[in-house]
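Worksheet: the structure to be examined is printed underneath.
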Amino acid sequence: MHRWSKLFIPTLREAPADAEVASHKFLIRAGYIRQLGAGIYNYLFLGQRSLNKIIGIVREEMDQIGQEFFLPAILPKELWIESGRWSGMGDNMFRLKDRKGADLCLGMTHEEVMTSIARSELRSYKQLPQIWYQIQTKFRDEPRPKSGLLRVRQFTMKDSYSFDIDAAGLDKSFDLHDAVYRKIFTRCGLKFVAVEADSGAMGGSQSQEFMVYTDAGEDLIASCPVCDYAANLEKATSRLEPVAEVEPTGDGNPELVHTPDCAAIASVAEFFKISPASDIKCVAYMGLKRGQSGKPDTWHGVASFLRGDHQVNETKLMGAVGAADLRTMLPEELELFFKGPAGYLGPVGLKHNEKPLEEGLTVVVDQSLEGRKNLVAGANKSDYHLRNVIPGRDFTWTLMADIRSVNEGEACPTDNCGGKLVVGKAVEVGHIFKLGYKYSESMGARVLDLNGKQVTPIMGSYGIGIERILTAAIEQSNDENGFWLPASIAPFTVVVTVTNVSDAALRDAGEKLAEELAATGLDVLLDDRNERAGVKFKDADLVGIPYRINVGKKVASGFIELVSRDKATSIDVALADIVAQVKQRVAEEALLTAVED
RNA sequence: CGGGGCGUGGCGCAGCCUGGUAGCGCAUCUGCUUUGGGAGCAGAGGGUCGGAGGUUCGAAUCCUCUCGCCCCGACCA
C-alpha cells in the first residue's frame, strides 16, 4: 500500500502549451513523465510503474515462446559494416567514438548482434529453432520526434529474433509471435487490429503490424467492414470498378491536340470532356540506388504513370523499382528525360530502360492502366496532349506494377467480398516480420542440416514498443478530466480517497480499508493528503487509476462509494462488502482482457 | 533537411510594435478559517527576460549571430 502524501506525483492543472495530443498532455499533467529534450523523457514514479506492468505482461507471454537475453546498447561499428547498415542507417543512428577513436553506435535494433551470437554458437539444425528476445532501450535519432511518447529518440522495445532451418520453420515462429502478440495487446486492454504491412527495403517476405486506431496515429490503415481485410495504406490494394472507355477519334491512332493552359488533370478532363480516369497522369521522380560493394549511391530517373484520379504510393513505387529513396525531379531533369515541362508529361515516345535504376529512364506503369483504351496523355510538349493513346500499342515500359494508393470507398480486394474500404489513422504498437536470409547470409551464420550440408538459417524479427502501449491505451480511453487505464497496466488498481483526513474516523476507516485491499493482493494507493475532497477527486480522475473508493461521511452509517473511472459511475457499497466488490470488478474487467492458453 | 511558430519565476501567459527600475493567474511557504469536485483572508519567497555580441546615456523591447523546443512534409516501435 502506498500513501499519496509520501509520494512524488506532480500533477498539473494545466498542460504545457506545446503538448498537442491527449496522451502527451495527460502523461505530463498526471506526473507520469517530464521532458528532458526533444524526444527524450524522464519517466517518473507513476509512469515507470505502469511501464513496468506492461513489461511484466510482455515478459510473461514472451517466455511462453522464447528466451530472454539482454544485449548491450552500445555497439561496435564492425558488426554494422558487415550487414551494410553502418551507412544504410544514415543519420538515424547515434554514433560516438571511444577514447581510442574507435567508432561505436547506440543500438537502434539488434539483428546484427543476435546474428553474431547465432553464427558463433549455432552449429546444427538440431539446435533450431531458436527464439531470442530482450526488453531494452533503443536509440534512434529521429528527424522529428513528436507527440510526447509517440515518437521519441530513446524508447523501450521488446525485440525478438527467430532462427529456423527453413521457410516452414520461419512460418511457425512467425505464427507463434502473431499469437503471443495478440495475447499481449489483449491483456493490455488495447483495441488493436493486425494489418498487412510493407516489407520494404528489408527485403522480407511477410510483414504484419499491430495497430491501434487513434487520430494521434501517424499511419493510415485501409480496412474492410465486411471481411477481415486490413492493410497499411503503404501496402493496401483494392478492386477497381471498370471504366467506360471513350470513343476513339479519327483513325484511332494517337492525335496531337492543342491544349493551352491544361497543365492540371482537372483542366485536361474538362477540355476533353472526359473523366480523369481516362487521363494518364505522370509523376516524375529520381530514385536512389544504393552503391554496391563500396561504390557511391546514384540517382536515376523514374517516371511513373497512372490514372489521372489516382495517387502514387511512393512506398510501393520504391519497392517496385528497388529504390532506397525517392525525390521529385527538378525542372532541368524533366527537360533531360522528357524534353517537356511538368503538366504535359506523357509516356508516348519515351525511351526507357530494360531494367530499373540504370542509365536512362525507368518507366513504371500502374496496373490499372493495363488493357485501357483511348486515353489522354501529355505530349511532352508545352500546351499539347495526345488522345487515342493505348498502353502497349503506343508505349511500353520498364515494368508494370501496383504503384497507386487506394482510396476510401474503393472495393475490398478480397474475392466475393463487396465491402467498401474505409481508411483510418492508427499508431503502430507492434510489428512482426519475416526477415529471410539477409543477416544470416551477409554475416555468415551457418548450420549443418540433416545431411551434413552447410545451410543458412532463416530469420524473423519482431518488435513491440513498450511506451506506445501506454500511449495508445491513453489515447483510446480519455476525457476532459484525464484518462483511465485497464487494471492490468495501471500504476495502481484502486485509489482510496479519504475525503477529509482531519476527521479521525474517516482517516482510520480509509487506512483500514486500504490495508484490507492491499492484503488481498491489489495495488492500492491511499490518498491521505491533507487536501480538500475536490482536489483529490480531480487528481484521481486525472492519473489513470481505474477504480476509486470514496471514504466520506457515509462511513458513519457503514457505507462508502465505489467509482468506476471509465463510466464515471458511482455506487454505495457496505463497508463489509467493499473488498469483495472491488475484487469482483477487477475480475470482471480481467475477463475482458483474458487470453486463452 | 525544407517550411512555419515559440523561448519572460515551477506551470499558463501579458509586456516587445512605439527602449526608461519586470507584471498577472495558478503553484510554493507562514498564519488563521474552511473541508464532497482544483477554498477564503492576511502575509512572504522566487525571474542572468534561452545564450553571445552590437546599437544606445539606458535593451525583455531595436540589430546580428547562436542554442533550444513545438508544429507541417520525407522515417519507424
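Chain identifiers are assigned alphabetically (A, B, ...) following the order of the sequence lines, protein sequences preceding nucleic acid strands; residue numbering begins at 1 within each chain. Predicted, not measured: the structure shown is a model, and the values here were computed from it.
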**Request:** Decide yes or no for A:R151 and A:E142: does some side-chain heavy atom of the first lie under 4.5 Å from some side-chain heavy atom of the second?
**Result:** yes
**Message:** Please classify the nucleic acid contact of A:M318 as base, sugar-phosphate, or nothing, using heavy-atom distances under 4.0 Å.
**Reply:** sugar-phosphate
**Asked** Which part of the nucleic acid does A:G552 contact within heavy-atom distance under 4.0 Å: base, sugar-phosphate only, or nothing?
**Response** base
**Prompt:** B:U55 and B:G73: how far apart are their C1' atoms, nearest whole angstrom?
**Reply:** 39 Å
**Message:** With hydrogens left out and only the distance checked, is there a donor-acceptor pair under 3.5 Å joining A:R548's side chain and the base of B:G37?
**Reply:** yes
**Prompt:** Between A:K553 and A:D503, is the closest basic N to carboxylate O distance under 4.0 Å?
**Reply:** no
**Any A:R140 side-chain nitrogen or oxygen under 4.0 Å from OP1 or OP2 of B:C75** = no
**Request:** Evaluate whether the aromatic ring of A:F155 and the six-membered ring of the B:A77 base sit under 5.5 Å apart, centre to centre, with an inclination under 30°.
**Result:** yes
**Complete:** From CG of A:D527 across to C1' of B:U35 the rounded distance in Å is 14 Å
**B:G51 to B:C32 separation - P atoms, rounded to the nearest Å** = 41 Å
**Request:** May I have the distance from A:R34 (atom CZ) to B:C69 (atom P), rounded to whole angstrom?
**Result:** 18 Å
**Request:** Using the P atoms only, state how far B:C24 lies from B:G9, rounded to an integer number of Å.
**Result:** 15 Å
**Asked** Does a side-chain heavy-atom distance below 4.5 Å link A:E111 with A:L435?
**Response** yes
**Request:** Select from A:S502 and A:N232 the residue whose nearest nucleotide in RNA chain B is closer to the 5' end of that strand.
**Result:** A:S502
**Request:** From the options B:C75, B:A77, B:G37, select the nucleotide whose nearest atom is closest to the side chain of A:R151.
**Result:** B:C75
**Asked** Which part of the nucleic acid does A:R29 contact within heavy-atom distance under 4.0 Å: base, sugar-phosphate only, or nothing?
**Response** base
**Asked** Looking across every strand, which nucleic acid part, if any, lies under 4.0 Å from A:V535 by heavy atom: base, sugar-phosphate, or nothing?
**Response** base
**Message:** Within the 4.5 Å heavy-atom criterion, are A:F210 and A:I184 side-chain neighbours or not?
**Reply:** no
**Message:** Under 3.5 Å for both donor-acceptor distances, Watson-Crick or wobble: does B:C6 have a partner, and if so which one?
**Reply:** B:G68
**Request:** State the pairing partner of B:U56; accept Watson-Crick or G-U wobble contacts with both distances under 3.5 Å, and report none otherwise.
**Result:** none
**Gap between atoms CD and C1', on A:E314 and B:G73 respectively (whole Å)** = 11 Å
**Note: A:E14-A:R29 ion pair, threshold 4.0 Å (strictly below)** = no
**Prompt:** Does A:K536 pair with A:D541 as a salt bridge, N-O distance under 4.0 Å?
**Reply:** no
**4.5 Å side-chain heavy-atom contact, A:V429 and A:V212** = yes
**Whole-Å C1' distance, B:A74 and B:C1** = 9 Å
**Request:** Classify the nucleic acid contact of A:G90 as base, sugar-phosphate or nothing, counting any heavy atom under 4.0 Å across all strands shown.
**Result:** nothing
**Request:** Nearest whole angstrom, please: distance from the P of B:G73 to the CG of A:D219.
**Result:** 13 Å
**Asked** With both distances under 3.5 angstrom, what nucleotide forms a Watson-Crick or G-U wobble pair with B:A42?
**Response** B:U30
**Message:** Ignoring hydrogens and geometry beyond distance, is the side chain of A:E531 in donor-acceptor contact with the base of B:G37 at under 3.5 Å?
**Reply:** no
**Prompt:** For the side chain of A:S477 and the backbone of A:I474, is there at least one donor-acceptor N/O pair under 3.5 Å apart?
**Reply:** no
**Message:** Base, sugar-phosphate or nothing for A:V501? Non-hydrogen atoms, less than 4.0 Å.
**Reply:** nothing
**Asked** Do NZ/NE/NH1/NH2 and the carboxylate oxygens of A:K316 and A:D402 come within less than 4.0 Å?
**Response** yes
**Message:** Is there a side-chain contact between A:K553 and the phosphate of B:G36, meaning an N or O under 4.0 Å from OP1 or OP2?
**Reply:** yes
**Prompt:** Base, sugar-phosphate, or nothing for A:S147, non-hydrogen atoms under 4.0 angstrom?
**Reply:** sugar-phosphate
**Request:** Output yes when A:R327 and A:E333 qualify as a salt bridge under the 4.0 Å nitrogen-oxygen rule, no when they do not.
**Result:** yes
**Message:** Reading RNA chain B from 5' onward, which residue's closest nucleotide shows up sooner: A:V551 or A:P143?
**Reply:** A:V551
**Asked** What is the pairing partner of B:C1, taking Watson-Crick or G-U wobble pairs with both distances under 3.5 Å in any strand?
**Response** B:G73
**Asked** If you measure from the C1' atom in B:G54 to the same atom in B:G12, how many Å do you get, rounded?
**Response** 33 Å
**Prompt:** If the C1' atom of B:U21 is compared with that of B:C26, how far apart are they to the nearest Å?
**Reply:** 26 Å
**Prompt:** Which nucleotide in the list B:C75, B:G37, B:U35 gets nearest to the side chain of A:D541?
**Reply:** B:G37
**Asked** Salt bridge or not for A:E68 and A:R59, using N-O below 4.0 Å?
**Response** yes
**Message:** Counting distance alone, no hydrogens or angles: does the base of B:G38 have a donor or acceptor under 3.5 Å from a partner atom on the side chain of A:D539?
**Reply:** yes
**Prompt:** Among the nucleotides B:G36, B:C75, B:U35, which one has an atom lying closest to any side-chain atom of A:E561?
**Reply:** B:G36
**Prompt:** If the C1' atom of B:A59 is compared with that of B:U64, how far apart are they to the nearest Å?
**Reply:** 15 Å
**Complete:** From the candidates B:C75, B:G36, B:U34, the one with an atom nearest any side-chain atom of A:E142 is B:C75
**Interatomic distance where CZ belongs to A:R529 and C1' belongs to B:A27 [whole Å]** = 14 Å
**Item:** Separation of atom OH in A:Y41 from atom P in B:C69, rounded to whole Å
**Value:** 10 Å
**Prompt:** Among B:C76, B:G37, B:A74, which nucleotide sits nearest the side chain of A:E428?
**Reply:** B:C76
**Prompt:** Roughly how many Å is it from CD1 in A:I464 to C1' in B:C76, rounded to a whole number?
**Reply:** 15 Å
**Request:** Give a yes or no on whether a salt bridge exists between A:R95 and A:D141, defined as a side-chain N under 4.0 angstrom from a carboxylate O.
**Result:** no
**Message:** Tell me the interatomic distance from A:R13, atom CZ, to B:U28, atom P, rounded to whole angstroms.
**Reply:** 9 Å
**Asked** Does any nucleotide pair with B:C24 by Watson-Crick or G-U wobble geometry, both distances under 3.5 Å, and what is it?
**Response** B:G12
**Prompt:** What nucleic acid atoms does A:E20 come within less than 4.0 Å of, heavy atoms only: base, sugar-phosphate, or nothing?
**Reply:** sugar-phosphate
**Message:** Within the 4.0 Å heavy-atom criterion, would you say A:N550 contacts the bases, only the backbone, or no part of the nucleic acid?
**Reply:** base
**Rounded distance in Å between the C1' positions of B:G47 and B:G23** = 11 Å
**Prompt:** Checking only heavy atoms, does the side chain of A:R144 share a donor-acceptor pair with the base of B:C75 at less than 3.5 Å?
**Reply:** no
**Message:** Would you say A:Q35 places a side-chain N or O within less than 4.0 Å of OP1 or OP2 belonging to B:C70?
**Reply:** yes
**Asked** Base, backbone or nothing for each nucleotide of nucleotides 5-15 of chain B, written B, S, -, heavy atoms under 4.0 angstrom, 5' to 3'?
**Response** ------SSS--
